[in-house]
Amino acid sequence: MNDMTPTREQREAKLEGMGCKRKRVEDIRFTQGKGNYVDDLKLPGMLHGDFVRSPHAHARVKKIDDTEALKVPGVLAVITAETLKTVNLAWMPTLAGDVQMVLADGKVLFQNQEVAFVVATDRYAADDGINKVIVEYEPLPVVIDPFKAMDADAPVLREDLAGKTSGAHGPRKHHNHVFEWTVGDKDLTDAAFRKADVTIKEMLSYHRTHPSPLETCQCVCSFDKIKGELSIWGTFQAPHVIRTVVALISKIPEHKIHVISPDIGGGFGNKVGAYPGYICAAVASIVTGKPVKWVEDRIENLTATSFARDYHMTTEIAATREGRVTGLRVHVLADHGAFDACADPSKWPAGFFNIVTGSYDFPTAHLSVDGIYTNKAPGGVAYRCSFRVTEAAYCIERAMDILAQKLGMDPAELRLKNFIRAEQFPYHSALGWEYDSGDYHTAMRKMMETVDYAGLRKEQALLRAAFKRGETREIMGLGVSFFTEIVGAGPSKNCDILGIAMFDSCEIRMHPTGAGIARVGSKSQGQGHETTWAQIIATEIGIPADDIMVEEGNTDTAPYGLGTYGSRSTPVAGAAIAMAARKIRAKAQMIAAYKLEVHEDDIEWDIDGFRVKGLPEKTMSMKDICWAAYNSVPPGMEPGLEAVSYYDPPNMTYPFGAYICVMNIDVDTGVYKVRRFYALDDCGTRINPMIIEGQVHGGLTEAFAIAMGQEIRYDDEGNVVTGSFMDFFMPTAVETPHWETDFTVTPSPHHPIGAKGVGESPNVGGVPAFSNAVNDAFSFLGSTHIQMPHDYWRNWKAAKDLGVFA
Amino acid sequence: MIPGPFSYHRPATLAEAVNLLSTLGDEARPLAGGHSLVPMMKLRLASPEHLVDLHGVAGLKGIQRRGDKIVIGAMTTQHELLASDDIGKSLPILHETALLIADPQVRYRGTIGGNVANGDPGNDMPALMMVLSASYRLEGKSGAREVAANEFYQGAYFTALEPGELLTSISIPLPAAGHGYAYEKLKRKVGDYATAAAAVVLTMAGGKVATCKIGLTNLSETPLLAEDAAKAVIGTSLDPATLKQAAAAAEAIMSPAADARGPVEYRKHIGGIMVTRALQRAAGRAG
Ligand SMILES: Cc1cc2nc3c(=O)[nH]c(=O)nc-3n(C[C@H](O)[C@H](O)[C@H](O)COP(=O)(O)OP(=O)(O)OC[C@H]3O[C@@H](n4cnc5c(N)ncnc54)[C@H](O)[C@@H]3O)c2cc1C
C-alpha cells in the first residue's frame with residue numbers, strides 16, 4: 001500500500017452512507033427557486049377552475065343561477081352537482097368508508113363547502129365568474145358543539161343516511177352518529193377502578209387545528225380523448241392510492257391513468273385525502289378536452305380541506321396509593337365534521353388511538369370512541385403524526401400529570417415508577433399492541449440530568465413562594481412529556497387502505513459505470529428522501545450516495561407504494577430500500593466471486609466491495625462489479641444489476657422520547673415565555689442526524705403552535721373565525737423557541753436497518769410538553785386542567801378564574 | 001383571493017393625481033404601499049375600479065425639518081423612517097413604533113401616509129400622531145388644507161379626507177427636549193395588529209409628571225386620546241394608585257370588539273396594562 005491508498009475511514013466517508021450528516025441534495029433546487037411544484041406546471045390551452053363556496057354552515061340550496069357568470073368574458077362552464085350526476089360523480093367515497101358530496105347536492109353542511117365549479121380561461125376570470133353565480137340558500141339550524149350533536153332533538157345533518165342504522169364501522173346510535181369503536185377489557189377495567197385507592201377523571205379536549213402546509217392542495221388534470229388517458233399532477237402524499245381510487249370511480253383503466261406528484265411543499269397529512277377539487281378538475285378536463293388546473297388559496301385550505309384532531313377525551317386512571325397505575329378508561333367524542341373523511345387504515349376508525357396506554361405498564365384498559373357528525377369541514381387527518389397518535393399521547397401524558405398532582409407526587413417520578421421496563425420488550429399492551437423495543441428509564445433519566453430537573457423544581461418552588469408573597473406576577477411551569485409513538489403502518493395482517501395492504505416498495509437499477517437510480521413508493525414532501533434513501537443504499541452496496549439518484553412520485557415509473565404519512569417512510573419504504581439493496585449485493589457477490597475466481601463463500605463484504613477472505617489485497621469494488629454485470633456475468637446468470645423489493649413489515653416500530661418544556665407566564669397579560677425546551681428522541685438507527693434534527697425542529701415548532709394557539713375555531717353559527725394566517729397561529733422565527741435536541745439509540749429488532757420513524761415524534765411529544773408546562777405553572781393555584789390552546793387571553797382567563805385578580 | 005377587475009393609473013404630478021381622483025370619482029382609490037389596500041382587494045372587501053398609484057408622483061417622499069417641525073412626505077416608507085437618524089434622534093417614539101409594525105417586507109413597501117390615511121383602527125401610527133399633535137396636509141381640487149390628526153378620524157375607515165383629496169405630508173412638532181416616551185404594544189406574533197397598544201409622551205419636573213399625552217390603538221373604531229387618564233397622572237410621581245387610576249380612566253373610553261385576540265374584557269384589561277407600562281417606561285426615559 002502506498003500513501004495514496006485511501007484508508008478504511010476515507011473509503012467509508014466517501015460513501016456518505018448511514019450516520020453521515022449529508023447535506024440535503026434537494027435543497028440545491030429548493031433554495032434557488034428551481035423546485036417544480038404543481039402550480040409551476042403550465043400546459044398549452046390550460047384552463048382554470050375555482051369554487052363557489054357556501055357562506056352558510058347548514059342550509060338548503062334552493063337554486064343556483066349561473067346566467068350572469070356565463071356572461072363573464074373567459075368563463076366557459078359552471079359545473080354543479082346536477083352536472084356531476086350525469087357522470088355519477090356528485091358524491092365520492094371517502095377513505096373512511098363514508099361518502100362525501102363533491103358539490104352541494106340539495107344542501108350544504110359546512111361553511112365554505114364546494115357548491116359549484118367555475119371553469120375559465122384564466123384564474124382571474126374564474127374568480128370573477130364565481131362572484132356572479134347566484135345561489136339561493138335556506139339556512140338550517142347548525143350543530144357546532146360536538147357535545148350537542150347527539151341530543152335527541154339535534155338537527156339531522158346527513159339526510160342521505162336516513163334509515164341507515166349501520167355504517168362502515170358498525171351500528172349507528174343516532175342520526176348524527178358515525179361509529180362506535182371499543183377496545184380492551186371492560187370488566188377487568190371496571191374491576192380495577194372499583195379496587196383503586198386513587199382515581200382521576202378529566203375531560204381532555206384536543207381542539208381542532210389544521211396541518212396548513214406552505215403549499216396548498218392543488219392539481220392539474222389533463223384528459224387525452226384520443227388515447228383515452230388521464231394525467232393528473234397533484235400534491236398527493238400517496239400518488240398510487242390516488243391512481244387506484246380514480247380507476248375505481250372513473251372506470252378509466254388503471255394503466256391509462258398517470259398520477260404524478262412533483263415537488264411538494266409540505267403535507268403533514270393535509271394531502272392524503274381526495275378532495276372535490278381533484279374530481280371537478282378531472283371532470284372539467286374530460287368535458288372540455290383541455291387541461292384544467294385547480295389551486296386552493298390559503299383560506300380555502302384552512303377552512304375546507306382536511307383538518308386535524310377535534311378529539312374530546314374523557315380520561316380516567318385508577319392507581320394505588322403508592323402511585324402504581326392499575327387501570328385506564330378513556331371515552332372519546334370524535335368530531336368528524338360533515339362527512340367521515342378521516343385518513344386512517346380502513347379497519348381503524350379511530351386510527352391507532354389504542355396506543356393511549358402510552359409508555360406505562362397498565363395491567364388493563366378500556367377504550368371507546370364515538371364518531372359524530374357536525375356542521376364543520378370533514379377531515380380528521382394525522383397532522384404530522386401516525387393515525388390519532390398525537391391525540392393519544394396528549395391524553396395519557398396530560399392524565400399522568402393530573403394523577404401525579406392528585407397523589408402529591410412529582411410527575412417525572414410517577415412516570416419512572418410506571419414505565420414499561422427495558423426487559424419487558426417485546427411488550428404486549430393492554431389495548432393490543434406489541435411494542436417492539438424501548439428503554440424508557442435511560443431516556444428519562446438522561447433528560448432529567450441534562451436539564452437539572454431537581455434544580456428546576458427548586459427554582460419553581462422559590463418563585464411560587466415569591467408569587468404568593470406578591471413579589472412577582474410570573475409563574476413557572478415544567479412540562480414533562482414521555483411519549484411512545486406507533487408508526488410504520490403497517491403489517492398486512494392489520495393495515496390496509498381500501499383493501500390494499502400497507503407495504504412499500506423500492507426498485508434499484510445500477511448502471512454500468514457504477515451509478516444508479518432508486519425508485520421508491522414513498523413521496524417526500526420536504527422530508528429529504530432524495531438524501532436519506534441514497535444513504536441507505538450507499539451503506540448497503542458501497543456506492544457513494546452522490547451516485548444514486550432517488551426518484552419518487554411518478555406512478556408510471558415508481559413501484560406501487562402507499563405513500564408518505566404516519567412516519568411510515570423509513571419503517572416501511574426504508575426497509576424495502578435496504579432489502580432491494582441487499583438483493584443487488586447478493587447478485588454482486590456472485591459476480592465478484594466469478595471475477596476473482598474464488599468460491600462465493602470465500603469472499604466477504606468490505607465497505608465498498610468484496611475481498612477474498614484472508615487475502616485483503618484481492619478485492620473487487622462495487623463500481624467494477626457494476627461494469628462486469630453488463631459484460632461478464634457468470635455463465636447462466638442474466639446480465640444487468642437490478643432489484644425490486646416489496647416490504648410488508650412484520651410489526652410497527654415504536655419510537656419514543658423524553659421532552660421537557662420550561663415556561664414562565666405573566667398572569668397579568670397571559671404572555672408566556674418558553675425558557676427552555678429539551679427534546680430527547682429515540683428513533684433507533686439514525687440515518688442522517690442532521691435531517692433528524694431538522695425534522696425535530698420542524699415538528700416541535702408545529703407542536704408549539706398547536707398547543708399555544710393554532711386553532712380552527714367556529715362561532716355558534718358555524719362561521720370559521722380563524723380562517724387566515726392573521727388569526728390561525730403560524731409562528732415565525734421570532735416567536736419560535738430555541739430547541740435543544742438529544743438522543744438515545746434503541747434499534748428496532750425487526751427492521752432491516754433498525755430504524756424507526758422520527759418525523760412526527762416532535763409533534764406527538766411536543767404538544768403535551770407545552771400543555772403540561774402551562775398546567776404545571778397554574779397547578780399551585782388550584783387548577784387541575786386547563787384546555788388547549790394556551791394563547792395569551794386564555795392564560796389570562798385561567799389566572800382570572802383562579803382568583804389571581806381578586 | 002383574486003381581486004376584481006380594475007384599471008391602473010400612474011400619474012407623475014400631484015395635480016395629475018388629484019385630477020384623476022376627482023374625475024374618476026368614488027370608484028378610484030389612491031395606491032400607496034398597497035399593504036392594506038391590496039389584501040382588502042384580494043378578499044374583495046374593496047373593489048375599486050381604478051387604482052391611482054402614487055409612486056410616480058414627484059415630491060411625496062422625504063423627511064425634512066421645518067423650524068420646530070418635522071415634515072414627512074406621505075410616500076415615505078416605514079423602512080425609511082427607521083433608517084432616518086433625524087427621526088431616531090428627535091422623534092424616537094416614531095422609530096420605536098415603526099419597528100413594531102408588521103415585518104421588514106411590509107415595512108419596505110408600507111408608507112406612513114397610507115398608514116395614517118387608511119383609517120383602520122389597527123394601524124399603529126394614528127394614535128401616535130394624535131399624541132404628537134401632528135397635522136396632515138390634504139390636497140384636492142380646491143386647494144390644500146391642514147387637519148389635526150386629532151380631528152381626522154371619524155370611524156372605522158372613515159376620515160376627514162374628501163373624495164378626490166390626497167394626504168400629501170405629515171407635520172409633527174418636535175417634542176420637548178428631555179421628554180419621555182414609550183409605545184407599548186401587545187400582539188400575538190410578528191405581523192399581527194395590536195391586541196391593545198398605548199403611546200405615551202410626557203415630561204417630568206422634579207420627579208413629577210409635568211405634561212402627558214396618552215394615545216390608544218385598536219381599542220375602538222378610531223384611535224383615541226385618553227385625556228382623563230393623562231390628567232390623572234399630571235403632578236404625580238406615578239405611584240401605584242395613580243397608575244391604577246390612569247388605567248381605569250383609559251379603560252373607560254375603550255370599546256374594542258371581541259375577536260380572535262380575545263374577548264372585550266381581555267382587550268380592555270390589556271389596554272389598561274399597556275397604558276401603565278408605557279407610562280412607567282416613558283417616565284424612566286424622561287430627562
Ligand atoms: C401582514 C401585515 C401586517 C401588518 N401589520 C401592521 C401593524 O401591526 N400595524 C400597522 O400599523 N399596520 C400594519 N400593516 C399595514 C401596513 O402598515 C400598511 O402598509 C399600511 O396600513 C398602509 O400603508 P400603505 O402604504 O401600504 O397603503 P395602501 O395599502 O396603499 O393604502 C391604504 C389606504 O390608504 C389610502 N391611501 C394611501 N395613501 C394615501 C394618501 N397619500 N392619501 C390618501 N389616501 C391614501 C388608500 O387608498 C387605501 O385606502 C400590516 C400589513 C400587513 C400586510
Side-chain angles (χ1 to χ4, degrees), chain A residues 48 50 72-74 120 122-132 216 295-301 473 666-672 704-705 708-713 715 720-736 789 791-797 799-800 805, chain B residues 1-6 35-36 39-45 47 49 99-100 102-106 120 122 184-198 218 240 243-244 247-248 256-277 280:
Chain A
H48 296 258
D50 206 347
V72 172
D122 64 72
R123 200 141 150 60
Y124 292 87
D127 230 85
D128 292 343
I130 285 168
N131 282 276
K132 297 279 183 196
T216 58
V295 176
E296 247 185 350
D297 69 26
R298 180 61 58 196
I299 293 174
E300 294 176 298
N301 179 255
R473 298 295 281 169
D666 168 1
V667 292
D668 287 330
T669 56
V671 173
Y672 54 80
F704 164 67
M708 306 314 289
Q710 189 176 82
E711 166 190 33
I712 295 292
R713 187 146 62 96
D715 67 14
V720 182
V721 295
T722 53
S724 82
F725 279 174
M726 192 51 94
D727 290 316
F728 181 84
F729 180 45
M730 184 59 80
T732 71
V734 176
E735 292 79 42
T736 302
D791 47 4
Y792 295 162
W793 77 265
R794 287 179 174 100
N795 289 341
W796 163 81
K797 185 169 183 307
K800 182 167 165 280
F805 300 107
Chain B
M1 301 239 259
I2 302 271
F6 59 88
H35 274 58
S36 287
M40 286 197 281
M41 289 170 63
K42 286 181 162 183
L43 294 169
R44 298 200 182 213
L45 294 172
S47 312
E49 284 169 20
L99 208 52
L100 291 170
D103 50 47
Q105 286 96 322
V106 173
D120 182 329
E184 281 285 340
K185 174 178 178 180
L186 184 80
K187 53 182 175 174
R188 295 166 298 179
K189 58 173 276 192
V190 162
D192 190 18
Y193 291 91
T195 300
N218 219 11
L243 287 171
K244 234 181 172 168
D259 63 13
R261 294 174 184 86
V264 170
E265 190 193 355
Y266 175 69
R267 296 191 59 191
K268 287 171 79 166
H269 167 81
I270 294 299
I273 289 180
M274 294 299 105
V275 167
T276 311
R277 291 185 181 175
Q280 285 172 309

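Throughout, a chain's letter reflects where its sequence line sits, starting with A, and its residues are numbered from 1.
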- How would you list, by chain and number, every residue that makes a salt bridge (Lys or Arg N to Asp or Glu O under 4.0 Å) with A:Asp715, sequence neighbours excluded? none
- B:Tyr266 and A:Lys800, any side-chain heavy atoms less than 4.5 Å apart: no
- Message: Heavy-atom cut-off 4.5 Å, strictly under: side chain, backbone, both or neither for B:Lys187 against chain A?
- Response: backbone
- Message: Restricting to non-hydrogen atoms, name the atom on A:Asp128 and the atom on B:Gly4 that form the minimum distance, rounded to 0.1 Å.
- Response: OD1-CA, 4.0 Å
- Item | Heavy-atom pairs under 4.5 Å with chain B, option from A:Met708, A:Glu711, A:Met730 with the top count | A:Met730
- Message: Between B:Arg277 and A:Thr669, is there a side-chain heavy-atom distance shorter than 4.5 Å?
- Response: yes
- Residue, of A:Glu735, A:Glu300, A:Arg123, that accumulates the most heavy atom pairs under 4.5 Å with chain B: A:Glu735
- Please examine the side chains of A:Tyr792 and B:Leu186, heavy atoms only from C-beta on, and report whether any two atoms are closer than 4.5 Å. yes
- Query: Quick one: salt bridge (Lys or Arg N to Asp or Glu O under 4.0 Å) partners of B:Lys189, sequence neighbours excluded?
  - Reply: none
- Where the side chain of B:Arg188 meets the backbone of A:Met726, is there a donor-acceptor pair that is under 3.5 Å apart? yes
- Message: Nearest 0.5 angstrom please: B:Glu265 CD to A:Trp793 CH2, how far?
- Response: 10.5 Å
- So, the side chain of A:Asp297 versus the backbone of B:Met1: is there a donor-acceptor pair under 3.5 Å, distance only? yes
- Which portion of B:Arg44 sits near chain A, non-hydrogen atoms under 4.5 angstrom: side chain
- Task: Below 4.5 Å from any heavy atom of chain B, which atoms of A:Arg713 appear? Answer side chain, backbone, both or neither.
- Result: side chain
- Report, as yes or no, whether the 6.0 Å neighbourhood of atom CZ on A:Phe725 holds more than 12 heavy atoms from other residues, nucleotides or ligands. yes
- Could you tell me which portion of A:Phe729 (side chain, backbone, both or neither) has an atom closer than 4.5 angstrom to a non-hydrogen atom of chain B? side chain
- Message: Please enumerate all residues that pass salt bridge (Lys or Arg N to Asp or Glu O under 4.0 Å) together with A:Arg473, with sequence neighbours excluded.
- Response: A:Asp668
- Task: Against chain B, work out which of A:Asp791, A:Val721, A:Asn131 has the most heavy-atom pairs shorter than 4.5 Å and name it.
- Result: A:Asn131
- Item | Close contacts, residues 269-276 of chain B versus chain A, judged by heavy atoms under 4.5 Å | B:His269, B:Ile270, B:Ile273
- Message: Heavy-atom cut-off 4.5 Å, strictly under: side chain, backbone, both or neither for A:Lys797 against chain B?
- Response: neither
- Item | B:Leu43 side chain near A:Ile299 side chain, heavy-atom distance below 4.5 Å | yes
